[in-house]
2 protein chains.
Amino acid sequence: MELYILWCLLCGFFRACIRMVCLSESQLLCGELEPSNREVGCESYVERTKHAMTLTDVARAAGVSPSTVSRILSGTARVTPETRQRVMVEIKRLNYQPNVLAQGLKRGHSRTVGVLTQELNSPFFNETVQGIEYGFEDSGYDPIFSGGHSRKSEERRALDVLRSRRVDALIVVGSFLPDALLLELAKETILVMVGRRVSGLEAQCVFLDNVQGGLDATTHLTTLGHRRIAFVTGNNNHPDSAERFQGYCTALSTAGIPFDPQLVVAGDFGEQSGLMAVDALLSQGVRFTALFAANDQMACGARLALYRRGIRVPDDISLIGFDDLKHVLYAIPPLTTVRQPMLEMGQCAARLALNLLEGKSPPEHTFSPTLVVRESTAMAR
Amino acid sequence: MELYILWCLLCGFFRACIRMVCLSESQLLCGELEPSNREVGCESYVERTKHAMTLTDVARAAGVSPSTVSRILSGTARVTPETRQRVMVEIKRLNYQPNVLAQGLKRGHSRTVGVLTQELNSPFFNETVQGIEYGFEDSGYDPIFSGGHSRKSEERRALDVLRSRRVDALIVVGSFLPDALLLELAKETILVMVGRRVSGLEAQCVFLDNVQGGLDATTHLTTLGHRRIAFVTGNNNHPDSAERFQGYCTALSTAGIPFDPQLVVAGDFGEQSGLMAVDALLSQGVRFTALFAANDQMACGARLALYRRGIRVPDDISLIGFDDLKHVLYAIPPLTTVRQPMLEMGQCAARLALNLLEGKSPPEHTFSPTLVVRESTAMAR
DNA sequence: CTCCTTTTGGCAAACGTTGTCAAGAACCAA
DNA sequence: TTGGTTCTTGACAACGTTTGCCAAAAGGAG
């Protein structure tokens, strides 16, 4: 016991000595560095950028070899506590950050996952993106995002950017890329898709049961006594829209309501199209007491069209959306909608990619929608 | 003339020969590869990932040295059209993508700009982020995004991630990082800030004249005859909020309206706080005919609070926000607001960073707000 | 045919890191 | 003292690029 205490004291002493040495050395170093720094002065910003510290710099400063520093950082070797301490001090002092470029090059993988989104600026995709960020927290992997601006060619370019960065895996959010390309991609890299189902790749797709969502929304309306329910579709033939429409049809027939094609209007998932859909419906004199829009953005547009004509929601017409965007909680009135757990889906996609990377078994990845009843729907008059 | 034609024919012939050789070689290669491929079979996906093509692979396939391929790609060498052609064909065929990790390592810069945002999922920051993306299009630089989730510690971590990726420049959007740290950062890297003004770094800040915006908004209300105008602040002491408030005060005194502290309520830039602000005002019996919220999100919250109490907008109370988020165009009624050109500001930040990187003179980077009058404001009763 | 210039393409050395291998050092037993 | 074992550390070769330098080869002039 006494021996152990003595040992600790000794260690403490040594450590103190080391620190003193380091400090004086650091002062020396600063003294040496400053003149050259001043010399550069007001030149172009590029020149002014200091050379980033490298592992070799740290090694030199600590008086050990680069390998030792590397081993300390990766924790793959036993080193004397003293050496470790000395190195750690230098790392702190020099503010050293490992160069991931070099690491990636050497290790053959970048600990990076590429995320391809259609549109970085869309309330819909953002929650997913955020979920992905959360999902990678503390995993040792970092997501990097690249957006194709809803154009296929752009997406391809973004894909190349990601590929040339040697991402270890790829997460595709939505995307207009054809299935065939994705299948090809899946062969040469780890691929996870969210909000999209590619046949043959189901195990790597995180998706929502859109049919169920459409069914829930419509059933909610029919149980409130609505029989003339309009539907605004999303982008031409977009699977999400098609599936929600399928749910709509099923619910109608379950309720014994005949399908009326007049009640279906084409939109494109944007607010404006929701507005125009209602205008079209109304100007054609189509009667309806409820409207189901394939997403919240179109529901908002529809809401404005109704407001413009003095039609009250939900008193005159009930309105229901899809997605549960954050801001529709503050719509007037707060919008009844079908919640798509985008954050969770994003997180799931990240976990899925992680598991695939580490050869573990993938988590559950089909999500169910939830009906969120707020104030934009009411009993039919 | 005949000679030229003959020459072309010859070239074509050679090219055909080359292609045949390549094909057979590629078949050979595949043949060799396949067994090992099959051997791996259903193992972890990591193993299944094919080895990416390298410049050396291309060189070998084209029968030239790696240097030649590199020079062809960078356009820094004169080579026979034939050689170039041969190499290009192989690049296409092998689907070669340069390894940016290796390029960055060798060249000492990554052609990458790090973008640090508080929150990737916020309608406000997203437009800026999109602007930044646009700004870097075809510049040869790629932005990579990293979000600190509105927590300072997270932001620091995100910063380290970006630093370790050896970004050539940094764009900070908003951020809670203290000025001192940013000043420090600016010394060692190219730094551009958007939506924030750090003294000493004005030349690298892209910002909006918030005082003017607050002034415009309030003046709009006073000219409509309002004299009891409530103000909902943003986050405690946030400069944006403080400056807008300053504009509010100035406009009041210009209109000869005494400042009443009762009319000022604290919010936090979130919808909920706007709602609670109105509730607080109303339950305290404070009379007011107009409300100016320091951002659109709070204006939306306020709108809901008014709706809940049956107060009409703009008939009973006029409402004005700040930012001009995309969706407030579809608010009920469409919200009068002060437009902050976030997309343009993002683009400007990207250009600014680019110019700084290339030592050119920076573009203009102060932006003026624009009043957008829609339907939520009206003459005072 | 030689000499000179121009064109073309190979060689080798980096860049910062990691991992293998082996060299010392310290210790113990014989 | 020697031989063996364990522990700590350093040397060195990659990883995929880029680039300066140099050597062939080709063409032209004398």
Side-chain angles (χ1 to χ4, degrees), chain A residues 11 14 18 49-88 90-91 94-112 140 163-168, chain B residues 7 49-88 90-91 94-112 140 163-168:
Chain A
C11 285
F14 279 139
I18 289 158
T49 303
K50 271 187 248 159
H51 188 66
M53 283 300 152
T54 75
L55 179 139
T56 317
D57 294 330
V58 173
R60 197 168 23 231
V64 295
S65 82
S67 345
T68 307
V69 181
S70 170
R71 272 183 298 237
I72 288 174
L73 284 171
S74 60
T76 59
R78 287 156 309 194
V79 287
T80 0
E82 292 154 68
T83 317
R84 157 171 283 118
Q85 180 66 18
R86 202 148 32 107
V87 170
M88 294 312 277
E90 286 306 314
I91 288 176
L94 300 177
N95 195 13
Y96 166 73
Q97 280 290 128
N99 183 333
V100 281
L101 270 55
Q103 287 183 323
L105 180 58
K106 177 64 190 153
R107 297 204 277 228
H109 59 251
S110 55
R111 305 240 121 205
T112 283
R163 277 200 345 124
S164 70
R165 279 187 195 283
R166 294 294 187 270
V167 293
D168 299 334
Chain B
W7 174 240
T49 302
K50 269 186 248 158
H51 188 68
M53 284 300 153
T54 74
L55 178 139
T56 318
D57 295 330
V58 174
R60 199 173 19 235
V64 295
S65 84
S67 358
T68 307
V69 181
S70 169
R71 275 186 284 244
I72 288 175
L73 283 171
S74 61
T76 59
R78 289 154 307 192
V79 288
T80 1
E82 293 154 70
T83 316
R84 157 172 282 117
Q85 180 67 20
R86 201 148 32 105
V87 169
M88 295 312 276
E90 286 306 315
I91 286 176
L94 300 176
N95 195 12
Y96 166 75
Q97 281 290 129
N99 183 333
V100 280
L101 269 53
Q103 286 183 321
L105 181 59
K106 178 63 190 153
R107 295 205 277 228
H109 58 251
S110 53
R111 304 243 122 201
T112 282
R163 277 199 347 125
S164 69
R165 283 192 190 281
R166 294 294 186 272
V167 293
D168 299 334

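Per chain, numbering begins at 1; letters A, B, ... match sequence-line order.
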May I ask you to say what A:Thr54 touches in the nucleic acid, namely base, sugar-phosphate or nothing, with a heavy-atom cut-off under 4.0 Å? sugar-phosphate
Looking at every strand, decide which applies to B:Ser70 at a 4.0 Å heavy-atom threshold: base, sugar-phosphate, or nothing. base
For B:Ala102 and A:Leu105, the nearest pair of non-hydrogen atoms, with its separation, is CB-CD1, 3.8 Å
Mind checking B:Ser67 for me? I need base, sugar-phosphate or nothing, with any heavy atom below 4.0 Å counting as a touch. base
Please check the phosphate of C:dG16 (OP1 and OP2 only) for any side-chain N or O of A:Gln103 closer than 4.0 Å. no
Residue whose closest nucleotide on DNA chain C lies nearer the 5' end, B:Val79 versus A:Pro66: B:Val79
I need the CD-C1' distance between A:Glu82 and C:dA25, as an integer number of Å. 14 Å
So if I take every side-chain heavy atom of B:Ser65 and compare against D:dG16, C:dG10, D:dT8, which nucleotide ends up nearest? C:dG10
A:Lys106 side chain, from C-beta outward: closest of D:dT18, C:dG9, C:dT17: C:dT17
Just by distance, no angles: are the side chains of A:Ser65 and A:Thr68 close enough, under 3.5 Å, to form a donor-acceptor pair? yes
So for A:Arg107 and C:dG19, does any side-chain atom that can act as donor or acceptor lie under 3.5 Å from a complementary atom in the base? no
When we call it a touch if two heavy atoms are under 4.0 Å apart, what does B:Thr83 touch: a base, just sugar-phosphate, or nothing? sugar-phosphate
Selection from C:dT17, D:dG10, D:dT17 that lies nearest to any side-chain heavy atom of A:Thr56: C:dT17
Presence of A:Thr68 side-chain N/O under 4.0 Å of D:dG10 phosphate oxygens OP1/OP2: yes
Give me the atom names and distance for the closest heavy-atom approach of A:Arg86 to A:Ala62. NH1-O, 2.8 Å
A:Ser110 and side-chain contact (heavy atoms from CB on, under 4.5 Å): which single residue from A:Val100, A:Asp168, A:Leu101 fits? A:Asp168
Base, sugar-phosphate, or nothing: which does B:Thr80 touch, judged by heavy atoms less than 4.0 Å apart? sugar-phosphate
Would the base of D:dG16 count as contacting A:Arg166 through its side chain, where contact means a donor and an acceptor less than 3.5 Å apart? no
Correct closest heavy-atom pair for B:Asp57 and B:Ala52 would be OD2-O, 4.1 Å
